[in-house]
There are 2 protein chains.
Amino acid sequence: MSNLLRELSVDLGERSYPIFIGQGLLGNFDLSRFVAGSQVMIVTNETVAPLYLESAIACFPGKQVDTVLLPDGESFKDWQTLNRIFDGLLEHRHTRKTTLVALGGGVVGDMAGFAAACYQRGVPFIQIPTTLLSQVDSSVGGKTGINHPLGKNMIGAFHQPQAVLIDTRSLQTLPPREVSAGIAEVIKYGLIRDLDFLAWLEERVGDLVALKPDALAEAIYRSCVCKAEAVALDEREGGLRAILNLGHTFGHAIETFAGYGSWLHGEAVGTGMIMAAELSALEGMISQADCQRITRLILDAGLPGKPPTGMTADDFMNLMAVDKKNIDGQLRLVLLRALGDAVVTSEASPDNLALTLARFCGPQ
Amino acid sequence: MSNLLRELSVDLGERSYPIFIGQGLLGNFDLSRFVAGSQVMIVTNETVAPLYLESAIACFPGKQVDTVLLPDGESFKDWQTLNRIFDGLLEHRHTRKTTLVALGGGVVGDMAGFAAACYQRGVPFIQIPTTLLSQVDSSVGGKTGINHPLGKNMIGAFHQPQAVLIDTRSLQTLPPREVSAGIAEVIKYGLIRDLDFLAWLEERVGDLVALKPDALAEAIYRSCVCKAEAVALDEREGGLRAILNLGHTFGHAIETFAGYGSWLHGEAVGTGMIMAAELSALEGMISQADCQRITRLILDAGLPGKPPTGMTADDFMNLMAVDKKNIDGQLRLVLLRALGDAVVTSEASPDNLALTLARFCGPQ
């Protein structure tokens with residue numbers, strides 16, 4: 001099982017692309033058939049490069065391969081760092097027939113993808129995600145972008161990759177906090193769409209934390225299938241795709257409050273999902289027992305269960321007001337109608353929202 | 001005739017949009033039917049705002065209208081200035097349902113359009129071009145972007161507007177140099193596609209320079225029709241659309257050498273077209289008499305006939321090598337097969353290119 005190459009397709013008409021999942025693909029899988037021209041620019045960071053750059057280059061035999069090294073961390077997901085990619089492309093005279101390759105986690109993927117969307121008004125790119133979070137989330141769906149001091153992911157583009165290569169072996173070098181952060185998004189898929197998968201996760205979450213290869217491969221595959229289905233049905237996030245943001249409105253507020261890079265995205269989403277579950281229970285949509293089941297699973301994944309110390313209900317309200325999921329000023333949230341069934345609503349009671357925030361934030 | 005409202009459609013399937021041309025439209029034409037939400041952000045500059053901002057706001061009755069003022073000039077077409085648009089949008093809490101409006105010349109249009117392409121991964125926008133160049137060129141076709149220190153328009157997106165409003169009255173306040181720069185692009189349409197229009201221009205170029213309203217309206221309408229046809233046939237610039245770049249490869253090199261903002265884009269394109277004509281003649285594609293006819297028309301429009309003093313053939317070669325119209329390192333140029341018939345080629349003789357540069361640049 002562990003040497004199996006799994007393949008799935010994200011179905012987006014002429015922008016469809018394949019995802020390959022397997023152990024030991026880096027260095028052995030030829031990606032050059034997804035490169036239209038002769039030039040490849042691999043974008044990676046200082047942490048990932050010593051581990052995987054050499055084997056990533058080996059995936060592009062016969063091509064001119066150049067490299068841009070970025071500093072590591074969400075705090076560098078800004079214009080100044082993005083500009084290093086453009087500098088590298090222009091200094092090496094990459095034309096509009098070049099292909100960018102994102103080798104790293106979600107930050108590298110978002111930035112390399114956005115650079116590809118903008119360089120000479122758009123060039124192709126390939127994703128090689130090396131963290132669990134980016135393998136199950138940001139490498140699928142075409143969202144790219146950078147942060148603005150006033151809000152996360154406020155500047156970006158939808159830009160689909162030519163292909164995604166997921167090597168589960170790259171998770172063996174991942175710090176435990178990042179493994180847990182990735183599991184947060186895996187749990188999300190169970191919560192919003194797939195009760196069977198949720199039950200599977202309650203049994204196997206310990207194996208994921210322990211990096212057992214078969215459990216990882218299964219979780220990544222099922223997560224990618226789930227996200228690929230949601231994205232295929234709703235590429236530009238008009239409706240269904242919005243349920244993928246379960247926990248994200250609370251989570252983005254936490255990340256902004258804490259300062260980018262201090263909480264991992266998945267950690268903030270984990271706490272955000274607990275808060276969304278609490279609000280769903282207060283709204284009478286799920287039971288308190290369901291809510292406790294969700295909380296236990298998220299804690300079992302090694303994730304924090306409450307917002308950062310000192311963050312008040314007012315902080316949440318102010319930071320959620322600029323969140324981009326609001327339409328014409330109304331606060332939209334993803335809540336749970338049942339386990340495995342999420343819904344987007346702008347009709348949560350303000351009192352229940354205030355009560356939820358009070359329970360998690362404590363007194364001012 | 002001068003009170004006639006002319007309308008044409010740029011045919012791009014579901015991204016089709018109308019262009020309205022007329023005198024005195026600003027302040028009198030209701031654009032709110034092209035605004036899906038309740039928020040409008042007008043992006044303009046310090047020169048245009050005192051003249052036309054108030055009447056532009058009047059085009060959006062019943063909407064929340066905010067404003068971002070940019071400094072004036074191509075030298076500000078950079079990330080720092082672009083970021084002011086994002087600052088304004090986030091400070092005024094514009095959601096992903098906002099509509100951006102570009103009020104000004106090509107720089108404002110490119111930047112507001114690119115901001116619209118990137119803000120929250122894409123929001124709609126409307127063009128109100130106030131210079132002749134932007135009316136006949138940059139408001140049609142969906143090209144948006146900013147400059148990079150190593151190359152012009154290297155960072156951008158294709159993003160089509162919801163509508164374009166052209167008020168010919170706004171040309172009355174345009175400096176003569178900018179009028180001539182706009183006429184350069186008008187001449188280009190005659191040269192690449194429309195021999196009748198070229199003959200019309202040879203008769204009426206004096207009337208354009210003198211800002212005679214009927215001549216302006218006719219020239220803008222015919223230019224927009226020509227560009228709209230080319231864009232509709234080739235939205236992403238795979239082939240036909242590339243002939244719109246006549247004079248631009250030489251022209252971009254001139255702009256980069258002179259420093260952004262020192263030469264106007266249309267001035268550089270004017271000189272670039274004379275150089276392209278010379279090379280076309282050397283290649284035996286047009287006669288020397290045709291070449292002189294082109295040169296005379298461009299000089300009659302009040303445009304410069306040669307590159308900046310001190311610019312050498314080597315400067316051209318180095319700067320043209322990073323131009324984005326090169327594929328895999330080959331220099332592609334737009335040349336004239338005949339008056340009114342342009343062609344994209346990468347097969348111009350290097351000797352003839354060198355001879356052309358030598359004639360225009362003089363000794364090192």
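All values reported here derive from a predicted model rather than from experimental measurement. Atom set for the values below is all heavy atoms of this structure, side chains included, hydrogens, waters and symmetry mates excluded. Letters go in sequence order (proteins before strands), and every chain restarts at 1.
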Between Ile146(A) and chain B, with a heavy-atom cut-off of 4.5 Å, which part of the residue counts as in contact: side chain, backbone, both or neither?
side chain
Can you tell which part of Thr144(A) gets under 4.5 Å to a heavy atom of chain B, answering side chain, backbone, both or neither?
backbone
With Asn153(A), which of Lys77(A), Lys143(A), His248(A) fulfils side chain to side chain donor-acceptor pair (under 3.5 Å)?
Lys77(A)
Tell me yes or no: between the side chains of Asp30(A) and Ser32(A), is some donor less than 3.5 Å from an acceptor?
yes
Scan residues 82-92 of chain B for pairs that pass side chain to side chain donor-acceptor pair (under 3.5 Å), counting only residues two or more places apart or in two chains.
His148(A)-Asp87(B)
Of the non-hydrogen atoms in Leu244(B) and Ala230(B), which two are nearest, and what is the gap between them?
CD1-CB, 4.1 Å
Ranking Tyr119(A), Phe114(A), Phe86(A) by heavy-atom pairs under 4.5 Å to chain B gives rank one to Phe86(A)
